[in-house]
Amino acid sequence: MSLMYGLLKPIVRKLVKNRVHQEESYEDFVRVSHEIQAKFRFRLPQIRGYEFRDEQIGGFHCIVGHKAGRTPKRALVYFVGGGERRWQLPMKKSMARYMEETDRELFIPLYPLYPDYNIVDEVEMICSLHRRMLERYEAKDIAWLGFSAGADMIMATGRYIVRQGNRLPMPGLMIPVSGCNLSISEESYARMLEIEKRDMMMNAASMKLFPGFYNPGGKYPEYLWGCAAEDDYTGFPRIIMYFGGDEIFAAEAPEYEKAFKRCGVPDYTIHVTPGMFHAYPMFSFLKEGRQGEDEIIGYLKQ
């Protein structure tokens, strides 16, 4: 454990633990979500040596960037986190690394947010983006990287493509980091109860609240929100999953392992990194996060 991580861990636990998604009602969830979103102001990043533009996808922003003077032949779609209530954009240094070191054009879709939109709106926006990208790139040259809620979007969109009969080509590579599902097995929940003692951000009890917030009344297709033990991953491309060993979502790793085998996914890797926290490769100002980011960039360069 690095010195900075060791210093920050008890502080984050004190400030964040028991405060994530602890609204008492759906009405509170709606109110807090709107308060968060009201603070957001769209602007294109400004990084010296890189060019950015805004591409509209069904009325929603998609930030697209590349190194100035280059025309990349491959692309990376970065699915932001933020609990699907806000857009947690990557740090500028990370954006630059993803563009520079992988020689990929970077796409950051600002997909529709809850509670005014839903999982169907999100997946349809991502599929529209993917169709547009397939006019410029071969499917094998497109990679999807997502953190937290962004990882959920990767998995939901992949399951949607499977359910549609795989008529839309999958990207060449998926890298979901710290994703979760609304439906979990009793075995997964039991593992979450053990892990939450080490988790500095979330409690297992939150999993009981999520369905009421994100799928009120159970009106959206269950396969979109996912159950690792039951979902269909037939036709998924190479997939590399990351979990922090000290986050409750790591409890789902064994279920994904069984599901990928059951569905015949030919090339998968599941990293559960001991001692690490939720979406740790996103926090590259820490030594541990930078190491995770280095690994991911290594996969994207292959």
Side-chain angles (χ1 to χ4, degrees), residues 55 57-60 62 75-85 87 107-135 137-184 210-211 213-241 249 252 255-256 258-260 262-268:
E55 290 198 10
I57 309 293
F60 296 95
C62 180
L76 169 64
V77 184
Y78 185 108
F79 294 78
V80 300
E84 298 180 66
R85 300 200 287 177
W87 300 298
F107 290 74
I108 307 176
L110 303 188
Y111 50 78
L113 296 177
Y114 271 74
D116 295 337
Y117 299 93
N118 58 63
I119 187 71
V120 177
D121 299 319
E122 293 171 336
V123 166
E124 289 181 347
M125 185 266 197
I126 297 305
C127 286
S128 295
L129 170 62
H130 191 52
R131 290 188 189 95
R132 183 182 296 186
M133 292 179 67
L134 288 169
E135 297 174 0
Y137 305 97
E138 293 187 42
K140 66 181 178 64
D141 293 327
I142 299 173
W144 289 356
L145 168 65
F147 293 86
S148 191
D152 301 343
M153 286 304 307
I154 287 178
M155 302 305 286
T157 306
R159 292 189 295 261
Y160 177 82
I161 292 173
V162 171
R163 186 59 68 97
Q164 297 299 309
N166 286 293
R167 295 194 296 269
L168 189 63
M170 291 279 191
L173 173 65
M174 294 177 172
I175 308 179
V177 182
S178 294
C180 77
N181 301 290
L182 285 194
S183 179
I184 57 175
F210 289 168
F213 294 161
Y214 290 98
N215 193 13
K219 56 188 175 182
Y220 305 123
E222 187 172 333
Y223 74 89
L224 285 178
W225 272 117
C227 176
E230 299 175 4
D231 287 326
D232 189 357
Y233 301 96
T234 304
F236 264 51
R238 185 186 187 194
I239 183 166
I240 302 165
M241 304 191 84
F249 298 155
E252 291 276 68
E255 304 291 0
Y256 277 115
K258 290 184 288 186
F260 291 157
R262 169 173 51 80
C263 297
V265 177
D267 191 350
Y268 68 88

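All heavy atoms count here, side chains included; hydrogens, waters and symmetry mates do not.
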4.5 Å side-chain heavy-atom contact, [X] and [Y]:
X      : Y      : value
Glu84  : Tyr117 : no
Asp116 : Asp121 : no
Ile239 : Met155 : yes
Met153 : Val123 : yes
Asn215 : Phe210 : no
Ile154 : Val77  : no
Cys127 : Tyr160 : yes
Pro112 : Phe60  : yes

Atom of [X], atom of [Y] and distance for their closest heavy-atom approach:
X      : Y      : value
Gly81  : Ser148 : CA-CB, 4.4 Å
Met125 : Pro109 : CE-CB, 4.0 Å
Arg262 : Ala229 : NH2-O, 3.4 Å
Ala228 : Tyr233 : CA-OH, 3.8 Å
Glu222 : Ser183 : OE2-OG, 4.1 Å
Met133 : Ala75  : CE-CB, 3.6 Å

Does the [X] side chain pair with the main chain of [Y], one donor and one acceptor, at a distance under 3.5 Å?
X      : Y      : result
Tyr111 : Val80  : yes
Asp231 : Cys227 : yes
Arg159 : Leu224 : yes
His130 : Pro169 : yes
Asp152 : Gly179 : no
Tyr214 : Gly83  : yes
Arg163 : Asp232 : no

[X] side, atom [atom1]; [Y] side, atom [atom2] - distance, nearest 0.5 Å:
X      : Y      : atom1 : atom2 : result
Cys62  : Ile108 : SG    : CD1   : 8.0 Å
Arg167 : Ile161 : CZ    : CD1   : 11.0 Å
Tyr268 : Met241 : OH    : CE    : 11.5 Å
Ile57  : Leu129 : CD1   : CG    : 5.0 Å
Leu113 : Asn118 : CG    : CG    : 11.5 Å
Trp144 : Ile126 : CH2   : CD1   : 7.5 Å

Using the ring centroid of each side chain, check whether Trp225 and Tyr220 are separated by less than 6.0 Å.
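Centroid distance Trp225-Tyr220: not below 6.0 Å, so no.
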
Does CD in Glu138 sit with more than 12 non-hydrogen atoms of other residues, nucleotides or ligands closer than 6.0 Å?
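Counting neighbours around CD of Glu138, 12 or fewer heavy atoms of other residues, nucleotides or ligands fall under 6.0 Å, so no.
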
Name all residues meeting the side-chain hydrogen bond (donor to acceptor under 3.5 Å, both in side chains) criterion together with Asn181; count only those two or more places apart in sequence or in a different chain, and write none if there are none.
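Partners of Asn181 by the side-chain hydrogen bond (donor to acceptor under 3.5 Å, both in side chains) criterion, ordered by chain and then number, come out as Glu252, Tyr256.
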
Are Glu255 and Lys258 close enough, and set up right, to give a side chain to side chain contact (heavy atoms under 4.5 Å, CB included), and what steps lead you there?
CA-CA 5 Å; Glu255 304 291 0; Lys258 290 184 288 186; 3.4 Å; yes

Might you work through the salt bridge (Lys or Arg N to Asp or Glu O under 4.0 Å) test for Glu135 and Arg132, ending with a clear yes or no?
CA-CA 5 Å; Glu135 297 174 0; Arg132 183 182 296 186; over 6 Å; no

